[in-house]
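Presented below is the structure to which this report refers.
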Protein chains: 2
Amino acid sequence: MDITSVSPPPVSCRVCRLGQFAIYGLTATTNPDAVNIKRREVKTVAAGRTFIREGEVQTHVHTLYSGWAFRYITLPKGRQILFFHIPGDIIALESLAFPGMALPFSLKSLTPVTLCSFPVEDAAEMLRASQPQAVQAAVTAQHYFADMNRHLADIGRRSAMGRIAQLLGEIESRLRRRQLSKNGSFDFPIRQEHIADALGLTTVYVNRTLDRLRKERFIDFDRHRMTIHDLKRLHEVAEEE
Amino acid sequence: MDITSVSPPPVSCRVCRLGQFAIYGLTATTNPDAVNIKRREVKTVAAGRTFIREGEVQTHVHTLYSGWAFRYITLPKGRQILFFHIPGDIIALESLAFPGMALPFSLKSLTPVTLCSFPVEDAAEMLRASQPQAVQAAVTAQHYFADMNRHLADIGRRSAMGRIAQLLGEIESRLRRRQLSKNGSFDFPIRQEHIADALGLTTVYVNRTLDRLRKERFIDFDRHRMTIHDLKRLHEVAEEE
DNA sequence: CGCTTCTTTGAGTTTGATCAACAATGGTGG
DNA sequence: CCACCATTGTTGATCAAACTCAAAGAAGCG
């Protein structure tokens, strides 16, 4: 892993606002010290760094404590972004499900990033220690795999407009669950190039489509912030196109 | 499950040519009777039937003993085919990885299909009983999830020509590993409509593209059989477009 | 043989890509 | 604080890929 620096004194898991959303969320709520003990490292990564490379075997799973990152595959024709990670996400979940697995994708930071890292075996033990926690973790993993199916379908069948509306809607909904979106307005460090790489479009066309969405008052944005004016209407666009 | 009829006297797993390719393949090779004992049912399904529906919880995992099927999601805009299953494939692998999970997709038969079904718990036990078998099964599952990532990338970034070449190449390679393709020639019960639904194209355009591949002597086909004349060249097309 | 499901072909249209500038933004060092 | 540079975003013109609509041929099946 490409670590830029070790972060300032780690906050105790006891006061972490994001732990409840992590894969060990139940434990984080009922017994934060149990999480704190397992957390071996807190790492920071500068913006724009590939900090996990395709083919690596991960000894740790990571909770994205702050910042955004994305998961991608490199293809002859360019890169395909598979997923955008927001604060509270678990990274390298598959290393937990399949210990020893070589990851089939890389990870790159969009912003400076802070990761809380747990040895795979310790994380697994934490889940095993509590039946309800194990169930919750399994549900998270299921959602995650089901989402992959859906994403595949989204790319295959929707127009540029529909795909972008869908992506924005999905990101907003994930941020909202973490209390990181207020009234449809949220930090948005994704550049148009990344949207293009995630949806199989060109940057130019992403720009024109975003412009249409802006002109038609669906959304507003500048380089740092996105605001969705009418989530329901945006959702309709996503469904219909 | 939508069972059309119970099949004729089940063949013993001892003489099954496909068991070695299943998720319990190692056990099937070293101790076929252990597999036979766990196999509770052999079912047949007529062609063109949806035999597992989205949202169902599976009590069994199934090995596709004969015939082809596909996995799909229904969307407002039509269906998205996620995967084509060939003989020897495991169906509903995720029910084994996550017992009790509601499947996020449906399954439909392309041809008449025979399934060997194992209670989830028995299958899990069979894997646990042998360390090397457990490892092999985990590897299979990993490949499977990695393939999903790749498929997503394929749809996003390739032209119609590239996608079709890629799909044909991948199917041929999977069939070959099961000794179901000889010299690039194999049974092919997939209709052009299914290719379209898998790749996010229209049937008409799939037809024109297949026609181009035929005219340029990459492939030959009629309704039942596909022949790939030069696998390497087809692979190049898949990579480049 | 008659019906249904698939495949094939034609003509015209739309979506999104390509190529090429140029403008705005956000650091950075001086 | 300003000048400079590297990214990122915006716009125009043109082109190609893929879609739509429509209709006619094969194939397969009862």
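Keep in mind that this is a model prediction, so the values were computed, not measured.
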Contacts under 3.5 Å, N or O only, protein and nucleotides 26-28 of chain D:
unit_1: dA27(D); atom_1: O4'; unit_2: R223(B); atom_2: NH2; d: 3.1
unit_1: dG28(D); atom_1: OP1; unit_2: H224(B); atom_2: NE2; d: 2.6

Under a 4.0 Å N-O cut-off, is there an ion pair linking [X] with [Y]?
X	Y	result
R150(B)	D147(B)	yes
D89(A)	R174(A)	yes
E172(B)	R176(B)	yes
R233(B)	E216(B)	no

Checking all strands, does [X] fall into the base, sugar-phosphate, or nothing category for heavy-atom contacts under 4.0 angstrom?
X	answer
L201(B)	sugar-phosphate
G200(B)	sugar-phosphate
R214(A)	sugar-phosphate

| Just checking, any donor-acceptor pair under 3.5 angstrom between side chains of R71(B) and S106(B)? |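 The criterion, which ignores hydrogens and geometry beyond distance, is not satisfied for S106(B) and R71(B).
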
| said: Is it the case that atom CG in N183(B) sees more than 12 heavy atoms from other parts of the structure closer than 6.0 Å? | reply: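 No, because the 6.0 Å sphere around CG of N183(B) holds 12 heavy atoms or fewer from other groups.
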
| request: Output the single nucleotide from dT10(D), dA17(D), dT20(D) whose closest atom is nearest the side chain of Y205(B). | output: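 The answer is dA17(D), which lies nearest to the side chain.
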
| message | Can you identify which nucleotide, out of dT18(C), dT7(C), dT11(D), has its nearest atom closest to the D211(A) side chain? | response |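 Looking only at side-chain atoms, D211(A) lies closest to dT11(D).
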
| For DNA chain C, whose closest nucleotide is more 5', that of M161(A) or that of F221(B)? |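 Residue closer to the 5' terminus by nearest nucleotide: F221(B).
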
| task | Between R191(B) and V204(B), name the one whose nearest nucleotide on DNA chain C is closer to the 5' end. | result |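 Its nearest nucleotide being more 5', the pick is R191(B).
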
| Would a 4.5 Å heavy-atom cut-off, applied to side chains only, mark M148(A) and N149(B) as touching? |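 They are in side-chain contact.
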
Is [X] near enough to [N] that one of its side-chain N or O atoms lies under 4.0 angstrom from OP1 or OP2?
X	N	result
S159(A)	dT15(C)	no
Q192(A)	dT10(D)	yes
N207(A)	dT10(D)	yes

| Is the gap between the ring centers of H229(A) and F218(A) under 6.0 Å? |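 Ring-ring flag for H229(A)/F218(A): false, centres at least 6.0 Å apart.
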
List, with names and distances, any nitrogen or oxygen atoms from the protein found under 3.5 Å away from nitrogen or oxygen atoms belonging to nucleotides 12-14 of chain C.
none

| said: Applying the side chain to side chain contact (heavy atoms under 4.5 Å, CB included) criterion to L107(B), which one of I52(B), L115(B), V113(B) satisfies it? | reply: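 So, applying the side chain to side chain contact (heavy atoms under 4.5 Å, CB included) to L107(B) and each of I52(B), L115(B), V113(B), only I52(B) qualifies.
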
